[in-house]
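Inspection log for the structure reproduced underneath, given as structure tokens.
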Amino acid sequence: MNRLILIATLATCFAAAGQDAAPLGSTTYAPSPEHPVGWRGDGTGRYPAATPPLTWSRRVQGFTSELKYQAAKPAAGAPGPDAKPLEYFTLKDWLIAGPFNAPDPAKDIETDFLKGEAAIEPNTGDKAGDAAWKMIHLGMDNQSNHAHNGGICRNLNLDFVSFFATISRVKDAKDPTNIHTKYEGDLANKCAYAHTYVYSPAAGDAMLTVGYAGAAARAWLNGKPLTFENNKSVKVDLAQGWNRLLLKLSNSTALVSSSGASNMSTWRLFAYITPSKPATYESKNIAWMTRVTGRSMSNPIVVGDRIFFGSGVSDLTCVNKADGKVRWLHASTPWDAMTAEEKAQNKDKLESQISQLEQFDTELVAMINAGVSPQGLSLAQQTELDKKLKAKADFERTLHKTTFWSIDPKRYPPMTGNEVSSSNATPCSDGARVYWASGGGMKGPGASVVCCFDLDGKRLWTYHEAFGAAEHGLHTSPILVDGKLIYAAYKTLIAFDPPTGKILWRTPTPESGGASPQVVKVGNESAVYVAHIGRVVGLYRVSDGVRIAANDMGLFGDSTPITEGGVIYVADKFKRWADNNVAFAALQIPTAPGEKLELKQTFELDSDQVYVPMRGIAYFVASSLYVDGLVYSLDMSGGLSVIDVAAKAGVYHRWLDWYARYDRYLYGAVACPTLAGKNIFLVDDAGSTIIMTPGKEYKEVARNIIENTFPASESGNPCRQEAFYSSPVFEGSSIYLKGEEYLYCIRETK
């Protein structure tokens, strides 16, 4: 059935049934106890009734946004179709030449292997000594190592190992299913060049940053040598017209050490051109930008005329949908869950500090609202707000780590320390109240708060417990189902009565950390499944919390599996400690209720069948998206895989031409693929959005970027670019996209 016809049919059915939920994405959708809103909207990530814009942007105003670049030698005059705009300050197209023998790499960096390197104006295929110039475009496919636990892919590297070594995937002789990446080539004591052309419409200065791993490096701009330090910016003068940037890097390290360990990716460089002055911005189709109190993976939710989201250490924020103004903001601590007697006992230690925390919130609301606009904060506003936000975050961390800890370290271990943030959970709402969880800690001790507010910000109840946390912290979001609020804490699944916070049941579980519970039907009974990271997928009855089925399949990433048509789809079933370490799997949900049921695996696809060929361990944070029989999965490197679940086969897999950079604490592509109207929206950690049509062929509709250099950024994104870890949310013609600094309202503006 045509998707638009289906939307209209659903709307008619809802109206005929007297229900209060129009299709998600419609401006008339209103959450209720029967149709709550929360993580990924209704958990599917599909907003079929949305009509969002296809184009928007936020660019640094002025010099750097006017630059273009290309690898091939340009014709005289203005840039042609081969030239690309400089986005996120990143140069991605280069000519490379080499490798050249450099017996003493530190000394031989001074050797002119090109016999006139400063004056070179190369083109594709031109001779370069004994080599030739080769054109390359930087992407994840030509990074020699995709180790998410290292710093390899924190930048889009010009990775000479990738271009000059022979890299293959080989099967283990004893276990053919175990596939590793093999590196071959004599690359010790070598030197190579990289060159690109940069067009500037007017003469001006900018900052050039060159970072490298290698023995020694040199750089020239328009034939003049540059003095620079590794990964530090230096001011350069760009001439009007085409400029020549030449980089040179020597390497002393072999591909494999004497111990047999791999030394790949020790010969690489990257380059950025950033503004020389404080940045100002120009935008298109951004209605307003509201500063958030800190980074978080929490997605926004829309409830009537309000938007709710988590941010900072423990802040639940309510924003006016029309203009982005903050209506209220509340931090949560164990104090909020104490009885009157407990508060009286701890009054001397805590009352004044809690009052000070509330004062921080009041002051922050006023400061944030003063800067809400389509352009964001001015530099002066940003500077003052950054100071206030840091003061509050430091105060709150000390409150948890010192004051509460001194009262009872077992009952009140810190809520802070979670990866990304202790505010990662997405709120949920039944239309009358909003529910949220924060805290978690990391790797052992850690406490959580589950709380409930009315829509005007009155705290109705708070529950606190030292659940602890797994290795990567606790990122689960609460859900509403059958008159219960269910939260997957560490080793505990717990159900609350939504109006009162009374515990209705609690069930011990294997360890969990990243996967939120999702609602399914077992016959006519409601159940939730939880993917316990590293262990099992468990199915629990909503009425009493009894575990009725499980599959000890092994999981690896932090993604929440999805369900469609009675089947759970798992993107990251753990297979082995090798490059193809995960598999795509499907589990059949039981069709009749009971207490000892089977969660049976119906099929499995190995990594080499469906995923991009990782040179390292594949890791998943984003949950998949189901559309018309196809499942779209996105790994942390920006590898997109499409699986036909009826055919039980991969359709295609590819790395996206993106700006996603990642390592252990920079999370690459983690926002979930999302359907809005008839298109799929994909967002990387730089805020670059690819819009594509669903189907068995990859077809882009549009690309959009949001540039925002963020001095107080904690993400480690190159050039202090704001990081985006939250999935977009859609309502009508509006998109709500949250980064670590701003919540953006994107809609067509005049």
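Just the heavy atoms: all of them, side chains too, but no hydrogens, waters or symmetry mates, feed the values below.
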If every non-hydrogen atom of A331 is compared with every non-hydrogen atom of D315, which pair is closest and at what distance? CB-OD1, 3.5 Å
Would you give the length of the straight line joining atom OG of S637 to atom CE of M614, rounded to the nearest 0.5 angstrom? 4.0 Å
Flag, side chain of N717 to backbone of D685, donor-acceptor distance under 3.5 Å: yes
Does some side-chain heavy atom of N581 sit less than 4.5 Å from a side-chain heavy atom of K575? no
How long is the span from the CD1 atom in I589 to the CG atom in L539, to the nearest 0.5 Å? 7.0 Å
Evaluate the ring planes of H464 and Y412, with Trp represented by its six-membered ring, and classify them as parallel (under 30°), tilted (30 to 60°) or perpendicular (over 60°). tilted
Output yes when a side-chain donor or acceptor of W328 lies under 3.5 Å from a complementary backbone atom of L316, and no otherwise. no
How about S311 and T293: does a side-chain donor come under 3.5 Å of a side-chain acceptor? yes
Do H330 and D361 meet the criterion of a side-chain donor-acceptor pair at a distance under 3.5 Å? no
Any chance the rings of W461 and F496 have centres within less than 6.0 Å? yes
F574 and F556 aromatic centres sub-6.0 Å: yes
Strictly under 6.0 Å, is that where the ring centroids of H35 and Y29 end up? no
Please tell me if the side chains of Y569 and I643 come closer than 4.5 Å, counting only heavy atoms from C-beta onward. no
With side-chain contact (heavy atoms from CB on, under 4.5 Å) as the test, would you mind laying out the steps for E525 and V542 before giving the verdict? CA-CA 8 Å; E525 287 187 350; V542 166; over 6 Å; no
Hey, is the main chain of D394 close enough, under 3.5 Å, to the side chain of T398 for a donor-acceptor pair? yes
Is a salt bridge present between D386 and K390, judged by a nitrogen-to-oxygen distance below 4.0 Å? no
What pair of heavy atoms forms the shortest contact from C672 to A622, and how long is it? CA-CB, 4.0 Å
Any side-chain donor-acceptor pair under 3.5 Å between S332 and R459? yes
As an exercise, state the distance from CG of D635 to OG of S641, rounded to the nearest 0.5 Å. 6.5 Å
Check this for me: does any side-chain nitrogen of one of E363 and K392 sit under 4.0 Å from a carboxylate oxygen of the other? no
Output yes when a side-chain donor or acceptor of N346 lies under 3.5 Å from a complementary backbone atom of L350, and no otherwise. no
Quick check: does any side chain N or O of R306 sit under 3.5 Å from a backbone N or O of L455, one acting as donor and the other as acceptor? yes
Side chains of Q518 and T563: do they bring a donor and an acceptor to under 3.5 Å? no
Locate the shortest heavy-atom distance separating Y490 from G468; write the atom from each residue and the value. CB-O, 3.2 Å
Would you please test H146 and Y662 for side-chain contact (heavy atoms from CB on, under 4.5 Å) and show each step? CA-CA 9 Å; H146 299 131; Y662 72 102; 3.1 Å; yes
Considering only heavy atoms from C-beta outward, does the side chain of V670 approach that of M636 to under 4.5 Å? yes
Contact summary for V582 and S607, nearest pair of heavy atoms: O-CB, 3.0 Å
Donor on one side chain, acceptor on other, Q353 and T403, under 3.5 Å: yes
List the residues meeting side-chain hydrogen bond (donor to acceptor under 3.5 Å, both in side chains) with S715, not counting sequence neighbours, and say none if there are none. S713, E740
Give a yes or no answer on whether the side chain of Y487 reaches the backbone of A437 with a donor-acceptor pair at less than 3.5 Å. no
Could you check if a side-chain atom of Y463 sits within less than 4.5 angstrom of a side-chain atom of I503, using non-hydrogen atoms only? yes
Using modelled atom types and a 3.5 Å cut-off, is there a donor and acceptor pairing between side-chain atoms of N299 and backbone atoms of S727? yes
Please report the C-alpha distance between R40 and T560 in whole Å, then the side-chain angles of each, then the deciding distance to 0.1 Å, and finally whether the side-chain contact (heavy atoms from CB on, under 4.5 Å) criterion is met. CA-CA 11 Å; R40 302 190 79 191; T560 297; over 6 Å; no
Heavy-atom distance under 4.5 Å between the side chains of Y47 and F681, does that happen here? no
Nearest 0.5 Å please: distance from the OG1 atom of T317 over to the CZ atom of F309. 4.5 Å
With distance as the sole test, does E604 use its side chain to make a donor-acceptor pair with the main-chain N or O of F584 at under 3.5 Å? no
Working note: R506 + E465, criterion side-chain contact (heavy atoms from CB on, under 4.5 Å); need CA distance, chi angles, decisive distance, verdict. CA-CA 13 Å; R506 61 186 297 151; E465 184 173 341; 2.8 Å; yes
With salt bridge (Lys or Arg N to Asp or Glu O under 4.0 Å) as the test, would you mind laying out the steps for R327 and D456 before giving the verdict? CA-CA 8 Å; R327 292 195 177 203; D456 292 322; 5.1 Å; no
Hey, what do you get for NZ (K321) to CD (E731), rounding to the nearest 0.5 Å? 3.5 Å
Shortest non-hydrogen pair, P561 vs A531, comes out as CD-CB, 3.6 Å
Would you name the heavy atoms of P334 and M415 that are closest together and state the gap between them? CD-SD, 4.0 Å
Any donor-acceptor pair under 3.5 Å linking the side chain of T426 with the backbone of S298? no
Has N551 got a side-chain atom pairing as donor or acceptor with L599's backbone, closer than 3.5 angstrom? yes
Give a yes-or-no answer on whether the side chains of D572 and Y619 include a donor-acceptor pair shorter than 3.5 Å. no
Out of curiosity, I562 CD1 to T44 OG1, how far, rounded to the nearest 0.5 Å? 9.0 Å
Could you go through W436 and F308, starting from their C-alpha distance and side-chain angles, then the distance that decides it, and tell me whether this counts as ring-ring contact (aromatic ring centres under 6.0 Å, His included)? CA-CA 10 Å; W436 192 52; F308 299 91; over 10 Å; no
Any side-chain heavy-atom pair of D430 and Y435 under 4.5 Å: yes
Would you call the rings of Y667 and Y665 parallel, tilted or perpendicular, where under 30° means parallel and over 60° means perpendicular? perpendicular
Looking at side-chain heavy atoms only, is the closest gap between V449 and D336 below 4.5 Å? no
Is the number of heavy atoms from other residues, nucleotides or ligands within 6.0 Å of NZ (K343) greater than 12? yes
Under a 4.5 Å cut-off applied to non-hydrogen side-chain atoms, are N418 and S438 in contact? no
Please confirm whether Y611 and F620 have ring centers closer than 6.0 angstrom. yes
Could you please spell out the steps behind the salt bridge (Lys or Arg N to Asp or Glu O under 4.0 Å) verdict for R664 and E419? CA-CA 10 Å; R664 182 64 171 78; E419 279 195 23; 2.5 Å; yes
